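The next block holds one structure in the form of structure tokens; read it before the comments.
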Amino acid sequence: MIKMKRWRISELLGKEGQALVNKEIEVKGWVRAFRSNRFIQLNDGSCMSSLQAVVDFEQFNETLLKRVNTAAAVSLKGTLVASQGSGQAIELQVNAIEILGDAHPDDVQRTVMQPKRHSLEFLREQAHLRFRTNTFGAVFRIRHAVAYAIHKFFNDRGFYYLHTPIITGSDAEGAGEMFRVTTLDAKKPPLNEKGEVDFSKDFFGKVVNLTVSGQLEAELAALALGQVYTFGPTFRAENSNTSRHLAEFWMIEPEVAFNDLKDNMDLTEDFLKNICGYVLENCAEDLKFLNDRDQQEQSQKPQHERIELSLIDRLKFVTENPFKRLTYTEAIEVLKNSNHYKKKKFQYDVQWGIDLQSEHERYLVEKEFNCPVILTDYPAKIKAFYMRLNEDQKTVAAMDVLFPGIGEIVGGSQREERYDILYKKCEEFGIHPQELWWYMDTRKFGTVPHAGFGLGFERMVMFVTGMTNIRDVIPFPRTPQNAEF
RNA sequence: UCCUCCUUAGCUCAGUUGGUUAGAGCAUCUGACUGUUAAUCAGAGGGUCGUUGGUUCAAGUCCAACAGGGGGAGCCA
């Protein structure tokens, strides 16, 4: 007997499907619903839509049909035909049913597969099963599309994908608390003469941690390969309990030799527009579903909390409008001249030199300009040591891209390429330049201006899916007190 | 880490001033029906009211601690 091809539902409902009408085919998937003892709604994850399979129940044994329950895996063979019903163009006239995996209703009822609406919190508790739902199917297909769009964007422009280390010995990056990596016995670690843990006896012979950023390593490669990007897991041991933070997340960090801050902004804007454009073009069905979902969520919020634009319009807004660019100093002026400030509605005061608070950033993006905003040239004291010092000696060539609803989605800068100034900045920030000898070395051998930025991948996925909790755009979120699955 | 809110059936939630036998919708089960698509109709089952302690004649309801979760803040991507 010849083994039949397993058609994916996306193929059957797409162009290939039209050529298959009145042909014998096989599909495999999971039952979403079995209505009227006649209609199996079959989903195989290849797309949002399910295939309607029509069963002439008098021709099948009753005990077999009893096993066609929600969540069961089945193989269906039959003829693809034009549908009599109004909800779909084609359907499968079934002539053979094979149960591949049973799902007992009493057990299914305890899960997110029970056919009814669920809260995102309940779905999160069953992260292993939430892939089966429409919402998470759409989110994770789009997550894939965003990842692909990023690789495609850089590849099309001659960037090289660089794998920076996940285990790192450099602890001078100052980008937050790190996770220690060790093979020492936690109960009886070796001690030195001072009674401290002796890490020279550890696996690597020194203290090592999980990476908080691949940027410093990416710079090394950029200063030889020209333009590179990283796309890998990143770890922060911060005790952050918010809808925008994870302990384990994915970050994209391009780094380009010979680029200045202006080039960097142009690249960022092109990049963000390109991703949104890719999803608009290639994820129409999933996006439509999430768009409707978002509108429903918005309609349940009080008027003043609603986002006026729909999800799809928010993406188009990014692709069609130039980002507003202004300096930190100009932003402080805008804030100080705002009615909001004059009416003392900001909880935190606005002064040149402060780190902008969430409320300030949100005001600029959502009230003042109502579009993505790039802020540049921040005070040197509130930014990292590696950012290039401007002529005024007070500010650095930094940039933050602010998105509505998300806040800071990209942070970047032109890097300090001048050895002496970088050396001094290290000392000012309490970093020993000799510990970063390899980084400093690049400034001795043909140093050039260069720039780059970091994008939080999950925050980008939040923006394009309209999900408002970062735990709902990564398959298995790691947060304080939670590493289930 | 701080502020704040929540925890009652498989899920989402009501539960009045502390007072008799704890309620609804959805889901599940049984039956009916069969071109449905959030199927429909009838019936049934389903509860240690987050945990521990306290106040009280009496606690789902009041108080405290702890646990889990949501929202916001800080930190940041």
Side-chain angles (χ1 to χ4, degrees), chain A residues 32-43 49-58 66 69-71 81 83-88 91 93 103-126 134 173-177 212-215 230 232-253 301 305 347-348 355-359 361-362 382-384 400-403 406-412 453-463 468-474 479-482 484:
Chain A
R32 283 289 176 83
F34 187 22
R35 280 187 298 273
S36 304
N37 212 18
R38 184 184 283 273
F39 302 101
I40 300 173
Q41 196 187 337
L42 191 75
N43 188 280
S49 294
S50 295
L51 179 71
Q52 171 152 294
V54 185
V55 177
D56 189 355
F57 55 86
E58 284 162 351
K66 279 272 174 217
N69 293 315
T70 297
V81 296
S83 178
Q84 293 174 35
S86 57
Q88 56 284 317
E91 62 192 19
Q93 198 68 49
H104 196 278
D106 289 349
D107 299 329
V108 170
Q109 208 204 172
R110 296 176 182 284
T111 74
V112 299
M113 293 176 295
Q114 136 179 179
K116 68 180 292 297
R117 274 193 79 86
H118 298 291
S119 65
L120 291 171
E121 290 80 16
F122 182 58
L123 287 155
R124 218 170 281 150
E125 287 168 16
Q126 296 185 28
N134 283 333
E173 293 167 30
E177 295 296 311
V212 292
S213 164
Q215 183 205 311
T230 74
T234 310
F235 307 88
R236 303 271 166 94
E238 299 284 357
N239 191 7
S240 294
N241 293 290
T242 83
S243 54
R244 302 183 306 282
H245 291 87
L246 292 166
E248 176 183 291
F249 62 101
W250 290 68
M251 189 153 67
I252 295 100
E253 295 170 295
K301 287 186 188 170
E305 283 177 24
Q347 199 187 329
Y348 294 88
D355 211 350
L356 293 179
Q357 301 291 322
S358 287
E359 58 171 352
E361 296 180 347
R362 290 192 65 160
I382 60 172
K383 288 290 179 183
D400 281 2
V401 181
L402 310 176
F403 263 30
I406 312 277
E408 186 185 337
I409 194 162
V410 163
F453 64 82
L455 168 82
F457 181 60
E458 281 77 16
R459 289 191 180 173
M460 190 68 210
V461 179
M462 284 172 80
F463 183 76
T468 53
N469 193 315
I470 200 165
R471 293 161 202 185
D472 297 328
V473 299
I474 189 167
T479 52
Q481 299 302 312
N482 178 30
E484 192 66 52

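Letters A, B, ... are given to chains in the order of the sequence lines, protein chains preceding strands, and every chain is numbered from 1. Owing to the predicted nature of the structure, the values given are computational and were not obtained by experimental measurement.
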Which string of ( ) [ ] | and . matches RNA chain B, if you list each base 5' to 3' and count Watson-Crick or G-U pairs only when both distances are under 3.5 Å?
(((((((..((((.....[...)))).(((((.......))))).....(((((..]....))))))))))))....

So, is Arg38(A) near the phosphate of C33(B), with a side-chain N or O under 4.0 Å from OP1 or OP2?
no

How would you label the contact of Ser119(A) with the nucleic acid (heavy atoms, under 4.0 Å): base, sugar-phosphate, or nothing?
sugar-phosphate

For U61(B) and A22(B), measure between their C1' atoms and round to the nearest Å.
12 Å

A38(B) OP1/OP2 closer than 4.0 Å to side-chain N/O of Arg32(A):
no

Are Gln114(A) and C26(B) close enough that a side-chain N or O sits under 4.0 Å from OP1 or OP2?
no

Base, sugar-phosphate, or nothing: which does His118(A) touch, judged by heavy atoms less than 4.0 Å apart?
sugar-phosphate

Look at all strands and tell whether Asp106(A) reaches a base, only sugar-phosphate, or nothing, counting heavy atoms closer than 4.0 Å.
sugar-phosphate

Establish, with yes or no, whether the OP1 or OP2 oxygen of G71(B) is under 4.0 angstrom from a side-chain nitrogen or oxygen of Asn469(A).
yes

In whole angstrom, give the distance that lies between atom CZ of Phe34(A) and atom P of G35(B).
14 Å

What contact category does Arg244(A) fall into here, base, sugar-phosphate, or nothing, at under 4.0 angstrom with non-hydrogen atoms?
base

Phe39(A)-G35(B) aromatic stacking (under 5.5 Å, under 30°)
no

For Lys116(A), look at atom NZ and say whether over 12 heavy atoms of other residues, nucleotides or ligands are found less than 6.0 Å away.
yes

Would you classify Ser86(A) as touching base, sugar-phosphate or nothing, given that sugar-phosphate means primed atoms plus P, OP1 and OP2, and contacts are heavy atoms under 4.0 Å?
base

In whole angstrom, give me the gap between the P atoms of C13(B) and C2(B).
27 Å

Output one letter per nucleotide in nucleotides 46-52 of chain B: B when a protein non-hydrogen atom lies under 4.0 Å from the base, S when only the sugar-phosphate is that close, - when neither is.
-------

Side chain of Gln41(A), base of U36(B): donor and acceptor closer than 3.5 Å?
no

When all nucleic acid strands are considered with a 4.0 Å heavy-atom cut-off, which category describes Arg110(A): base, sugar-phosphate, or nothing?
sugar-phosphate

NA contact type, Ser243(A), heavy-atom cut-off 4.0 Å: base, sugar-phosphate, or nothing?
sugar-phosphate

NA contact type, Phe249(A), heavy-atom cut-off 4.0 Å: base, sugar-phosphate, or nothing?
base

Does G74(B) have its OP1 or OP2 closer than 4.0 Å to a side-chain nitrogen or oxygen of Ser358(A)?
yes

Counting only side-chain N and O atoms of Arg459(A), is one of them less than 4.0 Å from OP1 or OP2 of C76(B)?
no

